[in-house]
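Small disclaimer: the values here were computed from a predicted structure and weren't measured.
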Amino acid sequence: MTTPDYRSTLNLPDTPFPMRGDLPKREPGWVKAWDEQGLYKRLRDARCGAPKFVLHDGPPYANGQIHIGHAANKILKDMIVKARQLAGFDAAYIPGWDCHGLPIENQIEKTFGRGLPRDEVQAKSRAYATEQIDGQRTDFKRLGVLGEWDNPYKTMNFANEAGEIRVLKRLFERGFVYRGLKPVYWCFDCGSSLAEFEIEYADKQSPAVDVAFLSAEPEKLAAAFGVAPLTKDAFTVIWTTTPWTIPANQALNLNPELPYALVDTPKGYFVVAEALVEKCLARWQLEGQAVATVPGRQLELLKFKHPLAHVHPGYDRESPVYLADYATADDGTGVVHSAPAYGLDDFQSCVAHGLAFDDILNPVQGNGAYAADLPLFGGQHIWKANPVIAQALKDAGRLMAESKITHSYPHCWRHKTPVIYRAAAQWFVRMDEGDGLFTTDKAPQSLRQTALAAIDATSFYPENGRARLHDMIAGRPDWCISRQRSWGVPLPIFLHKDTGEAHPNTLDFIERAAQLVEQQGIEAWSKLDPAEWLGAEAAQYTKGNDILDVWFDSGSTFEHVLKGSHKGAAHDTGPEADLYLEGHDQHRGWFHSSLLIACALYGRAPYKGLLTHGFVVDGQGRKMSKSQGNVVAPQAVSDKYGAEILRLWTAATDYSGDLGLDDKILARVVDSYRRVRNTLRFLLANVSDFDHSTDTVVPDQLLEVDRYALARAAELQADILGHFERYEFHPVVAKLQVYCSEDLGAFYLDVLKDRLYTTAPKSLARRSAQTALWQITHAMLRWMAPFLSFTAEEAWAVFGKGPSIFTETYWNFGTTESALLAKWARIHDIRDEVNKAIEAVRTTGAVGASLQAELTLHVNTEDEALLRSLGDDLRFVFITSAVTLVPAAEFSVVVTPSTHAKCERCWHYRADVGSIAAHPTICGRCDSNLHGAGETRKVA
């Protein structure tokens, strides 16, 4: 007689969903298929007419390959958009690129040399940016990011360039724009002015010098101090870390309330702050004594000679004393040297005291060198001139002391090189009340007031971003929006050659320029002959060649992207995004410029919420750099592990701080991915023969543990969706992993296997389990889809009915029995204690698998009632062959090996194995499932 193959009678799981993801090889095929199938358009069609969710993309710069920071940023945006899509919103994603600006222009100069005609620089820059965008777009798509890649926005699109010019016009009309001479940050490498948010601070070593200014009015000085006529030369002394500004000195500043001493020394009399006399004498290596003290206001308008006045006639001028609160006794001498071209405070002080713009000395050229005609130092670069100037002062007998200090100093954000303040005629956006040019519709409040109120009305993720942006807006100066470069959107303004005033028809010309650029791009303005527009007046005017600050480009994108080239995100009150999302450095960048422009146009922010993430660092928290060899390239990760692993890493990391990444971290992410994938594969395999339309068990007929499993899944889903609402992903990943390993793997699925595999294929017991698993699979695919997008779509192709998981919405569990949660949580705890007891016996070798064990549970009254409610199904919950309950005051477990035979089919040890003559190797339950009416399960 042939022995039956009982294994073939089991309902063993089967699915085409493979155990191995093989992601690096398979993902590129999916990306290609999504493109060919028009997946993004399907998503839009599926949400036609639904409420909109707008995440406005902060444009990456179109230069170079994407790095890991770009990848994390784009993946995070993609996860949020997909999560909102699954929530039922029409969540379009329009990617964009920042295309103008200095880095591209520098690249053209590096490739083709300096001195190219403006037209050629623009043409080559446009071609280069286009090429860079194509490469970056390919890399972003490889990451599984869905968006309108065929129609992204680019700040160099003619329509966007024209839109930006119209934004400028509106800022004029609202009274925010003016032209003025003012010291602005100037980068020699850029050859241009910089905005406040293009500045970062880093340590710099600078020379510190004490310089003496000879009194030009010793009689008045003596009278001010109330002393007899002076018998020796008298000086005041300044301390500065910028000797290069001494040639442009035009005044001295004293604090009106600070006491100043007249100190008698062998080298003459010296005026310094009383509180600093001892330190100054020590630094100058002099002995001396204060002979009189007066407040600074007593010395106002006294005159001193430039320290090089007796060396060269070009410096034979006087420096009057102006009173200023920013002169302090914190360090130095309490006397501040004022070069109005190179300091904002100095500039304002000198202008307030009547110094005309034309009289301000400004010998430093845009490249950092002095003008050739500057006496003694002409043609020298200022950084190299510092020691030369110090030596000239020493030779002149005016250098009192010299040292080196390391201090925090402003640097160019792009070049990481020191910048200076430098006076230049520039275009500004005014932060506070004042008159603008060509105002026709004056805003009711200052820009600063409006922006601060808008910050209060904005949601921040994390919340600490609010104070950071608030402080930046509260303290920032007027925004210098003009740059002296070629590759950018022009300020299309004609300036009178004699007066420097803008043409009275400027607003009309700006609109006309916008129309021209809309048709032919910014190049058309560069090629324009002023005579075409000005006629006979052309000889009197110069066509402006300044371009707009690149932050004006990206900061105004909401206006032409949300309102123009991608309609639907604009409201009656103007465009407004639900969310802006970038690295936290953008509080002083894109968030900042966008806020100012929107507040100037509409009186509110262009966003409802701001989300910031940290920078990517290595596993030890160090900044990534090629020199340290700790750079992780997203392309390399995709090729080795798959982009899905990068996506899971991004989701699993708390983005509110820096995001750590190295090979060890990636290895842990790979392990996490495998656990989720294996769970998903089990689910898919065990519902492969389940047809929802015919096999679903109605809720009130589901077994109790299945009803509990659905209630637990619904509870977890509510938790997950709450996190998605707050744009949080790392808690979701953590909870999904725990759910897969604990709720499912270690409990529900473990309990379920016997019922799934051994009961009749179409039995109520098995279909009840499959009904629950089918719903859990639906829900779980949606939970993981925002971050495990490739895997969710791969599984959906096996499991789902629609074209994409992303055309679906979050699963609706309907009404679940939440009361079961507490009951089964207690059963879960008891089961954990039982498993520990079985494991302890297993280590002795007395039992093998848990099914070989029989349990005696000593339980209290409450737990006894709980466990007896499970009836004979209790043994299936504990995955043992028998369970006996004994009332007791304290809980304990006794584990004994079963003395019965093992069923060849279900592996339970049962007394009735061998009692059926025709099937002597199986138990009665298996015989009934195979040949009879089938067993009845009520709970598990």
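Remark: aromatic rings of H730 and Y655 are distant, center separation not under 6.0 Å.
The backbone N or O of L788 lies less than 3.5 Å from no partner atom in the side chain of R647, so there is not a single donor-acceptor pair. The backbone N or O of I473 sits less than 3.5 Å from a side-chain atom of R448, completing a donor-acceptor pair. Not one N or O on the side chain of E794 forms a donor-acceptor pair closer than 3.5 Å with the backbone of E27. In this structure, the side chain of W590 does not engage the main chain of L581 through any donor-acceptor pair within 3.5 Å.
A search for salt bridge (Lys or Arg N to Asp or Glu O under 4.0 Å) contacts involving R430 returns nothing, not counting sequence neighbours. Remark: Y673 engages no residue in a ring pair (Phe, Tyr, Trp, His ring centres under 6.0 Å) (not counting sequence neighbours). E793 pairs by the salt bridge (Lys or Arg N to Asp or Glu O under 4.0 Å) definition with nothing, not counting sequence neighbours. Scored by the side-chain contact (heavy atoms from CB on, under 4.5 Å) test, D585 finds W413, F615 as partners (sequence neighbours excluded). Among residues two or more places apart in sequence or in another chain, the ring pair (Phe, Tyr, Trp, His ring centres under 6.0 Å) test is passed with F428 by Y178. Partners of Y409 under the side-chain contact (heavy atoms from CB on, under 4.5 Å) rule, at least two apart in sequence or in another chain, are K204, W383, H407, H411, P418, I420. Every residue two or more places apart in sequence or in another chain that forms a salt bridge (Lys or Arg N to Asp or Glu O under 4.0 Å) with D478 is listed here: K182. Scanning for salt bridge (Lys or Arg N to Asp or Glu O under 4.0 Å) contacts around D456 gives an empty result, with sequence neighbours left out. Applying the ring pair (Phe, Tyr, Trp, His ring centres under 6.0 Å) test to Y607 and every residue at least two apart in sequence or in another chain returns Y580. Taking the ring pair (Phe, Tyr, Trp, His ring centres under 6.0 Å) definition, one finds that Y727 meets it with Y461, sequence neighbours left out.
A pairwise comparison of heavy atoms in F558 and S594 identifies CE2-O, 3.8 Å as the closest pair. The nearest pair of heavy atoms linking T650 to A72 is CG2-O, 3.7 Å.
Residues E559 and S556 have side chains that never bring a donor and an acceptor to within less than 3.5 angstrom of each other.
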**OP:** Show the numbers, then the answer: is there a salt bridge (Lys or Arg N to Asp or Glu O under 4.0 Å) between D671 and R674?
**Re:** CA-CA 5 Å; D671 287 342; R674 286 175 180 152; 3.6 Å; yes
Original post:
Passes salt bridge (Lys or Arg N to Asp or Glu O under 4.0 Å), D578 versus K52? Steps please.
Top reply: CA-CA 9 Å; D578 292 281; K52 291 186 179 296; over 6 Å; no
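Between D139 and R142 no salt bridge is recorded (no basic side-chain N to carboxylate O distance below 4.0 Å). For the pair D658 and K623, the salt-bridge criterion is not met [side-chain N within less than 4.0 Å of a carboxylate O]. Using a 4.0 Å cut-off between charged nitrogen and carboxylate oxygen, K735 and E742 do not count as a salt-bridge pair.
Using a 30° and 60° split on the angle between ring planes, W796 and H778 fall in the perpendicular class, above 60°.
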Less than 3.5 Å apart, which donor and acceptor atoms pair up between the side chains of residues 95-104 and the rest of the protein, not counting sequence neighbours?
{"unit_1": "W97", "atom_1": "NE1", "unit_2": "Q136", "atom_2": "OE1", "d": "2.7"}
{"unit_1": "H100", "atom_1": "ND1", "unit_2": "D553", "atom_2": "OD2", "d": "2.5"}
{"unit_1": "H100", "atom_1": "NE2", "unit_2": "E161", "atom_2": "OE2", "d": "2.8"}

Output side-chain donor-acceptor pairs under 3.5 Å for residues 81-89, partner residues at least two apart or in another chain, one line each.
{"unit_1": "K82", "atom_1": "NZ", "unit_2": "D78", "atom_2": "OD2", "d": "2.7"}
{"unit_1": "K82", "atom_1": "NZ", "unit_2": "G144", "atom_2": "O", "d": "2.8"}
{"unit_1": "K82", "atom_1": "NZ", "unit_2": "S789", "atom_2": "OG", "d": "2.8"}
{"unit_1": "R84", "atom_1": "NH1", "unit_2": "E725", "atom_2": "OE2", "d": "3.0"}
{"unit_1": "Q85", "atom_1": "OE1", "unit_2": "R44", "atom_2": "NH2", "d": "2.8"}
{"unit_1": "Q85", "atom_1": "NE2", "unit_2": "L43", "atom_2": "O", "d": "3.4"}
{"unit_1": "Q85", "atom_1": "NE2", "unit_2": "F806", "atom_2": "O", "d": "3.2"}

